[in-house]
Amino acid sequence: MTTLNSWLDIPGHHDFSIYNLPFGVFSTSDTSTRVGIAIGDQIIDLVEASALGIFDGLSVPKSVLENEFLNDFIALGKPVTNEVRTRIQQHLCDEHSPLRNAPEIFINQAMATMHLPVKVGDYTDFYSSIEHATNVGKMFRDPENALLPNWKHLPVGYHGRASSVIISGEDIHRPKGQIKPVEGSPEFGASQRMDFELEMAFIIGKSTSLGTSISTAEAEDHIFGMVLFNDWSARDIQKWEYVPLGPFLGKSFASSISPWVVTMEALEPFRVPGPAQDPAVLPYLAYEGNKNYDISLDVFIHSESSEKESLVSASNFRHMYWNMVQQLAHHTVNGCNVNIGDMMASGTISGKSPDSYGSMLELSWAGSKPVPLNNGEERKFLQDGDTVIMKGHCESNGIRLGFGEVRSKLLPALP
Ligand code: CA
């Protein structure tokens, strides 16, 4: 990739570099909710940028940009949305661009409120990390046969709850539910085993009609971009309820996402091969080319009694056994339709080493191994007042971009 130089002063090594230009939805005390692009510590107001004429000839209606969600913008199609991003990139590198004399289009991110970027119609959660599925299988079932017989034949998933997908910065309360002690009858109370799950989610960029399927070759055309995804989990509620139909109230109380949608076009330089799949997959799951992405992921816990956050996990999206095109091909192979704004989460992203596990369940090995924090405290599961922060970035040949962060605090259970 050629090196780009902008006339704008962008701090070095920034997640929102000139190579990224992710889309999001923001408002300020002075402006209505609208679509923006992140660059460095600033946001480019696309309503104002459009008024300068830089999208002329593209037919991007103002109502699409002055909008509470990206769905209508995404619906313009990749030829238009990619061109919007490319034109912003070209203008930021062109010393004679009118943007240079238009300070009104730049908003300091610290002055803006970020909103959920898309209206999420449906949310599906996969279970595609072999390391995570193996760890959970060892703890909950059989250490010798940790993976269930279907796992290497299809990308296992379940339909999650779209109504409780929330934006970074929105805090959550510890959920309540049925919990079954080892001995005795189930009891009602607040979860005592609150956990995060380090995931990424892709956002559907092109809808399909009922009865049609998306092939692995077509799948990328239906993926708009990606966000960081914290799939909050209450392990004690989950453990009692999940057989036989899978996750329910132990998951549905909240899932937090990062506000900036990084496009697949920005992620293009970071493609890598996925792991070998053995046994061979059925033909509808076969694919060609590099479909995994090298995205470094970090999870931090910030205890209320600590000045600094503690790194508790460092993982990478590249290790996923099932990739996004396989997930989407499988999801639609029965004729299930998808809509713009639907969110497909990866499942917990664990690496091979214990310091790369993507949940407290695995990091503390079901509560048997405390995880140290930097102030001398330790955690088996999350405590009230803990803030969980997830970050992700890509770096290759001097080009860097990132996802910013998803951050949310766990508050005590409501009375
Ligand atoms: Ca999950």
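Order of listing sets the numbers, starting from 1, for every ligand and every atom in it.
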Handout entry: SB check K78 E265 (cutoff 4.0 Å)
Key =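 A salt bridge is present here (some side-chain N lies under 4.0 Å from a carboxylate O).
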
Handout entry: D278/K152 ion pair, N-O < 4.0 Å
Key =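 No, no charged N to carboxylate O under 4.0 Å.
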
Problem - S303 OG to E378 CD distance, which is reported to the nearest 0.5 Å - result: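 So the OG of S303 and the CD of E378 are separated by 12.0 Å.
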
Practice task
May I ask you to check whether over 12 heavy atoms, not counting those of N334, lie within 6.0 Å of atom CG?
Solution key: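 Enclosed.
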
Problem - Within 6.0 angstrom of E218 CD, more than 12 heavy atoms from elsewhere - result: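 Above 12, so yes.
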
Exercise for the section: Going by the side-chain contact (heavy atoms from CB on, under 4.5 Å) test, name the single residue among V406, L361, L382, L410 that passes it with F196. Expected result: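 The option that passes is L382.
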
Practice task
Check which protein N, O or S atoms are less than 3.0 Å from the Ca ion (ligand 1) and report how many there are.
Solution key: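 Count of protein N, O, S atoms less than 3.0 Å from the Ca ion (ligand 1): 4.
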
